[in-house]
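Note sheet for the following structure.
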Amino acid sequence: MILVVTEKNDAAQQIARLLSESGKPKADKVYNTPIYRFRKGGEDWVTIGLRGHIMQPDFPPELKFDPQEGWYGLTAEGEHLPADVPDGLARPPFATKRKPFLADGVDIKGWKIPSLPYLVWAPIEKLPAEKEIIRSLKNLAKKADSVIIGTDFDREGELIGSDALKQILSVAPDVNVSRARYSAFTKAEIDHAFDNLVALDQDLADAGESRQHIDLIWGAVLTRYLTCVRFGGLGNTRSAGRVQTPTLALVVERERERMAFVPEDYWVLSGEATHADSDPFRITHATARFTDHDAAEKAYGHVRDAKTATVRAVTRKSRRVNPPVPFNTTSMQAAAAAEGISPARAMRLAESLYMDGLISYPRVDNTVYPSSLDLRECVRTLSSVPQFAPTCKALLGQGTLHATRGKQETTDHPPIYPTGAANPDNLQPAEWKLYNLIARRFLATLMGPATIEGTKVELDVAGEPFVATGNVLAVPGFRAIYPYGLKKDDQLPELNEGDVCDVTSMALDAKQTEPPARYSQGKLIQEMEKRGLGTKSTRASIIQRLYDVKYLKNDPAEPSKLGMAIIDALTSYAPRITTPEMTAELEGDMTKVAEGVDTQAQVVDHSRALLAGMMDGLIDHKDDLSEAIADAVTADAKIGVCPKCGRDLVVKTSAKTRGSFAGCMGWPDCDVTYPLPKGRIEPIEGEAGVCPECGAPRVKVHPFRNRPYETCINPACPTNREPDIVVGECAACKAAGRHGDLVAHKSEKSGKRFIRCTNYDECGTSYPLPQRGELHATGETCPECGAPIVEVVTQRGPWRICVNMDCPSREKKAAASTRGARGVRGAAGRSKAAGRSGAAGRSGASTSRRKKA
DNA sequence: GCAAGGTC
């Protein structure tokens with residue numbers, strides 16, 4: 001039997017299909033791993049797909065995080081191994097004990113602990129990361145006569161193959177081994193690769209392993225340093241790494257530019273005009289921006305009372321806009337980001353669409369469709385989606401299909417294109433949104449250019465030159481199916497030289513120049529690619545990580561004070577980690593290892609020595625850094641000033657409930673606390689951040705998937721008071737022969753809104769209420785349960801609800817909302833109702849979504 | 001409960 005090992009299941013399946021004589025390999029499983037069996041040349045063949053790396057490098061167990069003791073490191077002050085002598089590489093003599101050792105024996109809580117500088121020189125082990133796969137692989141290897149390593153044709157692929165091979169040789173030391181190198185899943189390419197087998201390139205694999213070790217050492221040492229420098233490793237992880245830190249530095253650098261930016265004043269002189277009852281159009285002075293105030297005022301003086309504008313010249317120019325090129329991972333992530341889907345989320349959604357057979361493999365650099373891809377067939381497939389049917393029909397009516405080509409051409413996978421017709425009812429809204437984008441992009445790459453008709457009209461207003469511009473999509477071309485990022489038409493009326501227009505308004509506006517914009521997540525992805533940071537598969541998750549450790553916030557990306565402090569600290573004492581140069585130099589070193597000029601040990605030890613040299617500065621200045629980080633964390637948590645004592649009010653986490661609240665930094669001297677509304681809290685700078693009524697902070701609240709609003713955080717503040725509303729009569733009291741009113745109150749302590757009976761002590765009737773929106777009594781009672789029905793007016797419009805949580809009408813509503821949530825109006829109120837009413841509605845929906853998987 | 005790189 002001949003065993004073929006590939007990097008992923010997808011590749012195992014494709015290779016089996018292309019190599020098998022029947023063209024129909026048999027899908028099977030070893031343990032839980034899919035494999036593909038087929039016959040070729042009178043032999044039995046089996047292909048198995050790994051899941052990327054099956055081994056994971058790590059430090060020995062005694063140097064890892066300990067759940068009781070945390071991470072150590074800085075406690076061993078000043079303990080350095082010499083930077084140039086990697087003696088510490090030998091496993092130290094403490095190996096027999098669970099707890100690690102320090103040369104000079106520093107005791108902490110009775111344990112001897114290692115110094116952080118020691119970690120720089122610590123040995124690295126390789127541990128199984130995919131035990132199931134390894135078990136399956138070994139099982140097959142025992143039965144194999146020969147093994148062909150068919151992992152991806154790149155450095156990481158060679159390493160993945162080398163790791164797999166070691167596992168195979170451990171159970172089948174005498175098996176025949178070779179390597180197939182292919183870069184496209186075409187019959188010709190795969191046949192050629194398997195007819196011309198080569199040997200595995202151990203130097204290339206070693207280069208990959210060097211990369212792993214250097215990333216681990218630098219990442220672990222600096223992360224432990226930053227995490228432990230303040231509270232000995234308790235609390236949040238503060239990470240650093242070869243890719244994430246330079247990425248953070250990009251965002252911080254842009255923020256510093258913004259902070260250093262000095263806005264300049266300028267003035268815009270513009271107004272509106274009409275011609276022969278046309279819609280009004282904007283006219284702007286030919287000097288688009290006056291930087292001289294006097295000149296602006298002078299021009300304004302001439303035209304302020306002008307009633308007419310005379311057309312001096314009309315020029316028309318049409319612009320051709322070419323259709324976009326096919327999607328690769330980066331351009332897809334950027335386009336999705338522009339539609340409000342973060343790159344990390346886009347990859348999760350794409351993975352799911354790929355697994356459902358709706359799009360092609362989502363991790364590609366390629367932007368050129370291979371000639372083997374049947375474009376016409378793809379269009380035919382899409383034509384069964386009603387939204388795309390007219391476009392598909394038009395395309396199929398053409399003689400031949402011409403596709404655009406991007407600059408990057410690789411042959412391992414095709415660009416991202418739709419492989420199946422999706423039904424929006426079977427997808428989550430975000431999945432459909434991404435699929436729709438991918439499908440429309442695909443169709444757009446097959447269509448003609450759009451033509452935009454541009455018109456420039458020069459006018460004379462009381463001797464001052466003015467212009468009006470119009471842009472109209474004259475020939476839609478690809479824009480008919482691909483409206484993303486399309487500007488709205490600004491239409492001018494038909495104007496000719498000599499026409500006299502009526503000026504209806506004129507104004508001089510004072511403006512200021514804007515600082516450079518922050519990076520959107522899409523732009524950040526593109527900037528990373530440009531600077532060689534990360535890969536198509538890692539960039540999205542690395543940006544996500546920066547958000548998770550709270551170095552970044554908001555979108556466009558804004559660094560937190562902590563993020564800025566981290567960059568400051570590392571720029572001072574470990575500058576190498578803060579720039580893309582480390583990646584660039586690493587690439588050079590990797591090439592040397594791959595070429596056999598340097599060994600893995602030489603390159604890694606050299607990198608260790610560079611890091612060791614930086615430990616001096618980091619440890620000497622640990623108190624400064626500790627303070628800077630602590631100040632930054634406090635500044636990030638600050639939401640305002642305590643109205644009682646004037647100290648900072650910060651977001652704190654309750655130890656009991658794990659919920660967050662606002663508390664005074666002066667505690668326990670000052671006991672001011674407030675509950676916090678649900679959602680992300682953004683402080684408001686300056687005077688607007690102090691409530692004029694009660695002096696407590698006003699904040700901007702960003703509720704999950706709802707529009708942000710501003711509020712005073714003091715629930716007892718007059719600005720938060722709501723009048724009590726009688727919403728109905730208490731049914732329980734009526735049944736008991738007395739009268740009780742159901743009244744909607746707002747608690748001054750918690751700020752929560754609820755309904756309570758005026759005879760609460762006797763009947764105990766109370767109902768919760770929606771916390772957001774304006775509340776109205778309807779006077780109606782629920783036909784199902786008799787409880788009052790209230791109306792809530794939110795930004796999305798009014799809706800009505802029975803206040804009884806256990807009412808059967810709520811169950812129905814929940815079921816309806818999970819079905820209808822994919823519509824235009826995915827109302828918060830409905831999804832809330834679905835959430836509260838328990839599993840029925842939700843689990844039903846999730847099974848229907850999963851049924852294909 | 002450390003990185004970045006694969007992939008699910």
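Computed from heavy atoms alone, side chains included, the values below leave out hydrogens, waters and symmetry copies. Note that the structure is a prediction, hence the values are computed from the model and not measured. By convention in this document, chain letters (A, B, ...) are assigned in the order of the sequence lines, proteins followed by strands, and residues within each chain are numbered from 1.
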> Rounded to whole angstroms, how far apart are CG on D589(A) and C1' on dA4(B)?
Replying inline: 17 Å
> How would you label the contact of I217(A) with the nucleic acid (heavy atoms, under 4.0 Å): base, sugar-phosphate, or nothing?
Replying inline: nothing
>> Any N or O donor-acceptor pair under 3.5 Å from the base of dC8(B) to the side chain of E130(A)?
In response: yes
> Are R211(A) and dG5(B) close enough that a side-chain N or O sits under 4.0 Å from OP1 or OP2?
Replying inline: no
> Is the backbone of R348(A) close enough, under 3.5 Å, to the side chain of S352(A) for a donor and an acceptor to pair up by distance?
Replying inline: no
> Which value, rounded to the nearest 0.5 Å, describes the distance between S239(A) atom OG and L226(A) atom CG?
Replying inline: 8.5 Å
> Do Q202(A) and D206(A) have a side chain donor and acceptor closer than 3.5 Å?
Replying inline: yes
> Between S537(A) and S239(A), which is nearer to the 5' end of DNA chain B once each is assigned its nearest nucleotide?
Replying inline: S239(A)
>> Treating H621(A) as the side-chain partner and G617(A) as the backbone partner, does any N or O pair qualify as donor plus acceptor under 3.5 Å?
In response: yes
>> Quiz question: going by heavy-atom distance under 3.5 Å, is there a donor-acceptor pair between the base of dC2(B) and the side chain of D58(A)?
In response: yes
> Hey, does R242(A) reach any base, or is it just sugar-phosphate, or nothing, if we go heavy atoms under 4.0 Å?
Replying inline: sugar-phosphate
> At under 4.0 Å between heavy atoms, what does R545(A) touch on the DNA or RNA strands: base, sugar-phosphate, or nothing?
Replying inline: sugar-phosphate
> Are any of T535(A)'s side-chain N or O atoms less than 4.0 Å away from OP1 or OP2 of dG6(B)?
Replying inline: yes
> Roughly, in whole Å, what's the span from CG in L216(A) to C1' in dA3(B)?
Replying inline: 7 Å
> Roughly, in whole Å, what's the span from CG in N9(A) to C1' in dG6(B)?
Replying inline: 15 Å
> If you look at every strand shown and take non-hydrogen atoms under 4.0 Å, does Q56(A) touch a base, only sugar-phosphate, or nothing?
Replying inline: base
> Over how many whole Å does the gap from E351(A) atom CD to dC8(B) atom P extend?
Replying inline: 6 Å
> Salt bridge between R155(A) and E209(A), side-chain N to carboxylate O under 4.0 Å?
Replying inline: no
> Between K8(A) and V243(A), which has a closest nucleotide on DNA chain B that is more 5'?
Replying inline: V243(A)
>> Counting only side-chain nitrogens and oxygens, does Q212(A) get under 4.0 Å of the OP1 or OP2 atom of dA3(B)?
In response: no
> Counting any heavy atom closer than 4.0 Å, what does G157(A) reach on the DNA or RNA strands: base, sugar-phosphate only, or nothing?
Replying inline: nothing
> Can you tell me if the side-chain N/O atoms of T538(A) get under 4.0 Å from OP1 or OP2 in dG5(B)?
Replying inline: yes
> Whole-Å distance between dG6(B) P and K126(A) NZ?
Replying inline: 15 Å
>> Could you tell me how far apart I542(A) (CD1) and dC2(B) (P) are, to the nearest whole angstrom?
In response: 15 Å
> To the nearest Å, how far apart are L127(A) CG and dG6(B) C1'?
Replying inline: 17 Å
> What nucleotide, of dC8(B), dG6(B), dG5(B), holds the atom closest to the side chain of I160(A)?
Replying inline: dG6(B)
> Which part of the nucleic acid, if any, lies within reach of P57(A) when heavy atoms closer than 4.0 Å are counted: base, sugar-phosphate only, or nothing?
Replying inline: base
>> Within the 4.0 Å heavy-atom criterion, would you say G219(A) contacts the bases, only the backbone, or no part of the nucleic acid?
In response: sugar-phosphate
>> For a side chain to side chain contact (heavy atoms under 4.5 Å, CB included) check, start with the C-alpha distance between L434(A) and M332(A), then their side-chain angles and the critical distance, and finish with the verdict.
In response: CA-CA 9 Å; L434(A) 184 65; M332(A) 186 270 284; 3.9 Å; yes
> Hey, is the side chain of Y361(A) poking within less than 4.0 Å of OP1 or OP2 on dT7(B), counting only N and O atoms?
Replying inline: yes
>> Using whole Å, what does the distance between atom P of nucleotide dT7(B) and atom CD of E156(A) come to?
In response: 10 Å
